[in-house]
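Here's the structure, in structure tokens; my notes come after.
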2 protein chains.
Amino acid sequence: MTTPCDKCPLRRCEYFLPFTDEELAFMLRFKSGELTVDPGTTVLMEGSNSPQVFTVLSGMGTRYKTLEDGSRQVINFLFPGDFIGLQAGIMGEMKHSVESSAPMVLCVFNRSDLWDVFKAHPSRAYDLTWIAAVEEHFLGESLAAMGQGTASQRVAWALLRIHQRLRVVGLEKAGVVPLPFRQQDLADALGLSLVHTNKTLMALRRSGLARWSDGSLAIADRAKLAAYAGSAPELLEKRPLM
Amino acid sequence: MTTPCDKCPLRRCEYFLPFTDEELAFMLRFKSGELTVDPGTTVLMEGSNSPQVFTVLSGMGTRYKTLEDGSRQVINFLFPGDFIGLQAGIMGEMKHSVESSAPMVLCVFNRSDLWDVFKAHPSRAYDLTWIAAVEEHFLGESLAAMGQGTASQRVAWALLRIHQRLRVVGLEKAGVVPLPFRQQDLADALGLSLVHTNKTLMALRRSGLARWSDGSLAIADRAKLAAYAGSAPELLEKRPLM
DNA sequence: CGTAGGCTTGAATATGGTCAATGGTTGTGG
DNA sequence: CCACAACCATTGACCATATTCAAGCCTACG
């Protein structure tokens with residue numbers, strides 16, 4: 001029923017570092033199941049203590065924090081290949097929530113097996129740390145995009161980065177990628193109001209630089225959009241897949 | 001000459017998880033030296049491939065990215081106990097720069113020994129991942145503070161968080177902590193202009209909530225400042241020390 | 001057919017940015 | 001010892017970007 005790791009479609013992406021045979025064998029044992037969720041499902045909840053950690057096999061979602069005043073900050077968007085739940089796995093408690101924005105399939109791992117990874121499989125433990133470092137790096141980039149740069153630059157930057165990320169997992173066709181989020185999600189990710197986000201997206205559409213509507217994002221000329229964004233997100237380097 | 005890990009003053013802080021004897025013995029071997037730098041020194045450079053990673057033993061600094069348009073984003077401030085260089089250590093290249101803002105002493109580790117940690121000392125490898133997860137968590141909090149919240153809230157939040165962090169390493173005396181940064185550093189961290197940051201700090205000073213001048217930050221009533229900040233930074237949980 | 005959720009638009013407002021100038025302190029060279 | 005430069009903090013005036021408020025529209029769905 002579930003996809004065994006040796007047949008995982010993500011492994012075919014250049015973006016992810018290859019497994020050794022030994023690692024592959026280990027992952028086959030490590031993976032304990034699959035979770036399929038509908039759009040709008042809360043997969044992990046801030047403050048919870050999930051017994052499981054996941055890798056996104058397909059679908060997309062958001063990672064967000066809810067603040068005391070009720071506002072929401074989207075930390076980042078989740079795409080196939082992303083690992084989620086490390087904080088709960090290591091620190092004991094989720095520091096943010098995870099929600100699906102489209103039908104999503106997740107590989108399930110037991111949190112209690114994490115320690116075994118460190119004890120018995122150092123190369124995979126190393127990769128876990130690598131994944132954490134990559135995540136940290138991306139958050140730093142987000143911080144920079146939010147702190148510096150105008151609304152239009154931020155929106156352009158975000159669309160570019162998302163487009164790039166979907167490309168490397170093979171979801172792009174002729175410059176178009178699926179993008180099942182709401183404008184509110186992007187607004188909450190960039191620290192902008194919904195209204196202004198909408199107007200900015202409109203401007204981008206009219207200028208022909210980027211067209212996001214009906215769940216699809218089309219970018220004709222990435223270089224042009226990057227110039228518009230001011231600081232373009234850097235190229236995506238290969239990273240490990242869990 | 002250098003401080004041996006068994007005599008490390010940071011180990012006395014409640015904030016850091018205790019070492020086992022075995023871990024202590026390992027760290028004594030792992031630590032390869034100390035680096036002492038003057039204020040304003042660039043310790044690690046974006047894009048560089050440092051052969052070493054560090055733990056801040058004393059002093060403070062900034063971790064920042066320089067953008068294409070010349071602007072600077074301070075990712076976070078560095079305090080005693082912080083581990084730096086993990087990205088270079090794992091991913092092969094620094095994604096940001098590190099600069100000292102005060103005289104700083106760093107414990108030096110050889111990057112090439114990192115892999116040995118994973119192979120031979122899983123509990124320390126686990127702690128490394130833990131540190132990365134904590135770092136990621138803090139960046140998420142920063143993102144939330146920057147995205148939501150007004151200028152005054154952001155400044156109040158940042159001062160609170162810094163105060164808290166310095167408290168747990170024993171640098172607070174009667175509500176006052178040393179804070180050797182420039183207003184420009186805080187502005188660059190919060191995505192605000194220098195002028196507005198200055199005016200906001202002035203307002204905080206006049207209201208008596210927080211007083212930062214001449215390298216010292218005084219917070220009389222943390223609860224009151226937290227209320228003003230809107231979303232207070234959460235209490236600092238124990239974390240591993242490298 | 002009516003309601004709910006999400007997208008779109010305009011108008012008024014405010015928050016924070018930019019520009020410009022001043023003062024204090026430190027360090028340096030004449 | 002003084003003059004000067006460099007750096008940082010401070011302040012005021014003006015302006016622009018982005019927020020808030022308000023309304024209308026469309027589609028999906030019960």
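Per chain, numbering begins at 1; letters A, B, ... match sequence-line order. All values reported here derive from a predicted model rather than from experimental measurement.
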Task: Atom-pair distance (CZ on A:F181; P on C:dC7), nearest Å - done: 13 Å
Open item on the list: Distance alone, cut at 3.5 Å: any donor-acceptor contact between the side chains of B:S142 and B:R161?
Closed with: yes
Open item on the list: Less than 4.0 angstrom from a charged side-chain N to a carboxylate O is my criterion; do A:E99 and A:R72 meet it?
Closed with: no
Task: Length of the line joining B:D188:CG and D:dA9:P, which is rounded to integer Å - done: 12 Å
TODO: Would you mind building the protein contact string for nucleotides 10-20 of chain D? One character per nucleotide, 5' to 3', B for base within reach (heavy atoms under 4.0 Å), S for sugar-phosphate only, - for untouched.
DONE: BBBB----BBB
- [ ] Before giving the answer on salt bridge (charged side-chain N to carboxylate O under 4.0 Å, His left out), spell out for B:R165 and B:E141 the whole-Å C-alpha distance, their side-chain angles and the decisive distance to 0.1 Å.
- [x] CA-CA 14 Å; B:R165 180 64 177 76; B:E141 276 212 306; over 6 Å; no
- [ ] Find the distance B:L190:CG to C:dT15:C1' and express it as a whole number of Å.
- [x] 16 Å
Open item on the list: Filter on ring pair (Phe, Tyr, Trp, His ring centres under 6.0 Å), then keep only pairs touching residues 173-203 of chain A, sequence neighbours left out; what's left?
Closed with: A:F77-A:F181
Open item on the list: I need the CZ-C1' distance between B:R182 and D:dC7, as an integer number of Å.
Closed with: 9 Å
Open item on the list: Donor-acceptor pair, distance only, cut-off 3.5 Å: does the side chain of A:S101 make one with the backbone of A:P180?
Closed with: no
Open item on the list: Between B:H137 and B:E237, is the side chain to side chain donor-acceptor pair (under 3.5 Å) condition met? List the steps.
Closed with: CA-CA 12 Å; B:H137 164 49; B:E237 294 168 30; over 6 Å; no
